[in-house]
Structures are given as structure tokens and as C-alpha cells.
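What you see below is based on every heavy atom in this structure, not just the backbone, and it leaves out hydrogens, waters and symmetry mates. So you know, we letter chains A, B, ... as the sequences are listed, proteins then strands, and number each from 1.
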2 protein chains.
Amino acid sequence: MKYSKATNYALHTMLYLAVTSPKQRVGVQPMAEKLEVSPTYLSKILTQLVKAGMIESSPGAGGGYKLPSNWEEISFLDIIHAIEGPVSMFDGCLNHNPGCLIQRVMDDAEGKMEEELKQQKISDLAEKAPSVL
Amino acid sequence: MKYSKATNYALHTMLYLAVTSPKQRVGVQPMAEKLEVSPTYLSKILTQLVKAGMIESSPGAGGGYKLPSNWEEISFLDIIHAIEGPVSMFDGCLNHNPGCLIQRVMDDAEGKMEEELKQQKISDLAEKAPSVL
DNA sequence: CTATTAAGGAGTTATAATGTCTATAATATA
DNA sequence: TATATTATAGACATTATAACTCCTTAATAG
Ligand code: SF4
Ligand code: SF4
């Protein structure tokens, strides 16, 4: 029951982009250095974020990543879901009882957490901590 | 980012005990059959629960497990912590900034979930769904 | 055309979860 | 006391997943 390092990297790169360049493009290398992770591995995570619409990419010289136009709406939950997938954290139900209580309690609790993560926008953090990285 | 099967088993055995025998002792075998898991593996999980004070055990003939006297106070969170440990789900902080915001947001969100899990008692489920297993 | 950068796929390694086996300890009962 | 029963413990094996590497391909700017 731990968030993966990939999620950690994703959150940090998003914050990095929000702080340093809402408009300019940034390549993998500088971010990989900051996070102390290999560029190739971080690249995979960034590709996942692109597919989820969290960032935009362009190849070639002068290319790199940048935030999309709606970046101020992006929440922690969006980023986490982009990496971890939207699946439920608990799926121990054998379905021998429709509307079971164990499953419902767990889902409800997870819902509370997601509610909070949905309200936390990456743009808020960029304002409050402009030099966090 | 998924709860382990062990946590699933733990929750189910606790509910089993709460429903079938708040006072009588139950061995591993019947529970292992219900959950379709090997008795030896379930045994380890039960031992963890014993050490955490979630259940009480006695060896020998006629032995087995039973709930402690304060069983009505036991919450989902207690059981989950007994298995998963009390550690934070997110620890991606390199500590290069005291009171960082990413870590705080994640911890706050986790706190919301735990708050909910703390309020959900296993005894409530036993009342509401007496024949769930 | 060439340098630069992202994307994709196949593989490897590391780590943790899951499960098995065997031996030991404790208890009730005959 | 002797025996059957049950939990506990540790070492081990297996499996699943995360984490990471390497190499190739595609796209773009100049
Ligand atoms: S969560 Fe409920 S319905 Fe699902 S397997 Fe467990 S007891 Fe049965
Ligand atoms: S969570 Fe904040 S302080 Fe910790 S490593 Fe990330 S940016 Fe730095």
C-alpha cells in the first residue's frame, strides 16, 4: 500500500513544469537531473502523462515538454490517475453478496481521499512555492 | 497502489469472527475454507492480528481465535494498520525543502481517508450484515 | 542532410507479496 | 502421563510487480 516512485516522479515533474515554464518547452535531461533519476526511465513516465493529456510534447531540436492550455485545472488526482490508473485500491470482493459492506466502506474511504486530491491543483502549489525545486 | 490480499483476508476474518462468534473460539480451517486461502498463510496473518491486539488466540484442543473484550471499538483503520503498518503511503520527499507542499497535500489526503476508516467499526458491519459470509 | 528530441519495445534487475514446508510450543482431554 | 489438537515460528520457494536499461524508430528544426 504505497504510491509508486513513478507517481512521485510524475508529481514532481508537473510541479517543475508549472514553476519553471508554463509556456517554454523543457527536455527530459534537466528534470531527470533534478529528480536524480535516469532520463530514459523518466521518459516513459512523461509519455504516460502525454497520453493522459497532462502535458504536451514535441520531438526534434528545441522540442521537449510543456503544460497544456488547461494546465491550471490539473489536479493531483488527475496526475495520480494518469500513472496508477483509475482502478480501485481495494478489490477483495468475491461478489458473493451484492452491495457488500466491506467493499463499500473501502470505496467510500478512498472516495474521501480522492475528493481531497481533486481539489488540490498543481497551479496552487506553483504559486505558493515558486522555488520549491 | 493497491491494498494487499493480506489486508483483504484480515478484514474478512475479522468480520467472520464478529458475525459468527463474538464469544466462541474458531480455528483457522473453517475461515481458510470460506476465504479460499491456504490455512498456513492465513495463520500468519492471524498471528499479526494477535500481536496487534485485534484478536486473541489459544493453542491446543478446543483452541482457536476469538475477539477481545473491546472488539466493538475496533475500526477498519486498526485492522489495516495491523497488516500494512502505520507508514505513510507517500514518501517521495527528498527533504530539500522543509514543510514541502507535495508531501503535505498527499499526507492530508491520506488523512481524510484514515479519518473515514477510523469511524467504521467492524461491529457496525456485523449488525448490518449478519449473514454476509 | 544532420543534429536533436520524444516514443516504443524488449529485455533485465530488484523488491515485495504470496505461499509452502517443517519443527516447536502450548493446551485440553482421556 | 500420553495423545490429539491447535497456534507460533522460521526458513524457504514461488510469483508478481516495480524499477530500470538498452536499442531502435519517428518526428522536427535548422
Ligand atoms: S466484500 Fe462482502 S460480498 Fe465481497 S467477498 Fe467479502 S464478504 Fe463477500
Ligand atoms: S516533496 Fe517538496 S521538499 Fe520534498 S523533494 Fe519534493 S519538492 Fe522537495
Item to check | From CA spacing to verdict: side chain to side chain contact (heavy atoms under 4.5 Å, CB included), A:Ile74, A:Met14 | outcome: CA-CA 10 Å; A:Ile74 295 176; A:Met14 290 297 290; 4.0 Å; yes
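- Atom NZ of A:Lys66 is separated from atom P of C:dA6 by 14 Å (rounded to the nearest Å).
- In this structure, the CZ atom of B:Arg25 is 16 Å from the P atom of C:dA26, given to the nearest Å.
- Residue B:Val105 comes nearest to A:Leu125 through the heavy atom pair CG2-CD1, 4.1 Å, listed as atom of the first residue, atom of the second, then distance.
- Along DNA chain C, the nucleotide nearest to A:Thr47 and the one nearest to A:Met1 differ in position, and the one closer to the 5' end is contacted by A:Thr47.
- Here B:Ser38 lies in heavy-atom contact (under 4.0 Å) with sugar-phosphate atoms only.
- Checking B:Gln29 against B:Lys44, the closest nucleotide of DNA chain D that is more toward the 5' end is the one next to B:Gln29.
- With rounding to whole Å, A:Lys2 atom NZ is found 15 Å from C:dA17 atom C1'.
- Look at CD on B:Glu36: it is 16 Å from P on C:dT18, rounded to the nearest Å.
- Contacts between residues 54-64 of chain A and DNA chain D, defined by a heavy-atom separation below 4.0 Å, involve A:Pro59, A:Gly60, A:Ala61, listed by number.
- Protein chain B touches strand DNA chain D; the 5'-most and 3'-most nucleotides with an atom under 4.0 angstrom of its non-hydrogen atoms are D:dT5 to D:dA11.
- With 3.5 Å as the limit, one finds a donor-acceptor pair spanning the side chains of A:Glu84 and A:Ser4.
- To the nearest 0.5 angstrom, A:Lys112 atom NZ is 11.0 Å from B:Leu117 atom CG.
- In this entry the distance linking CD of A:Gln48 with P of C:dA6 reads 16 Å, nearest Å.
- With salt bridges taken as basic N to acidic carboxylate O contacts below 4.0 Å, none links A:Lys118 and A:Asp78.
- Close to C:dA6, at under 4.0 Å from its OP1 or OP2, lies no side-chain N or O of A:Ser43.
- Using a 4.5 Å cut-off on side-chain heavy atoms (C-beta onward), A:Tyr16 and A:Lys34 make contact.
- Residue B:Tyr9 places at least one side-chain N or O closer than 4.0 Å to OP1 or OP2 of C:dG19.
- Nucleotide C:dT18 holds its P atom 5 Å from the OH atom of B:Tyr41, rounded to whole Å.
- Rounded to whole Å, the distance from CD1 on B:Ile45 to P on C:dT18 is 8 Å.
- Within 4.0 Å of B:Lys51, counting heavy atoms only, lie sugar-phosphate atoms of the nucleic acid but no base atom.
- Residue contacts shown for B:Tyr3 are absent, as no nucleic acid heavy atom lies under 4.0 Å away.
- Within the model, atoms CD1 of B:Ile45 and OG1 of B:Thr7 stand 8.5 Å from one another, a figure rounded to the nearest 0.5 Å.
- Distance check: A:Asp108 CG to A:Gln103 CD gives 10.0 Å after rounding to the nearest 0.5 Å.
- In summary, the side chains of B:Gln120 and B:Asp124 do not present any donor paired with an acceptor at a separation below 3.5 Å, with no hydrogens or angles considered.
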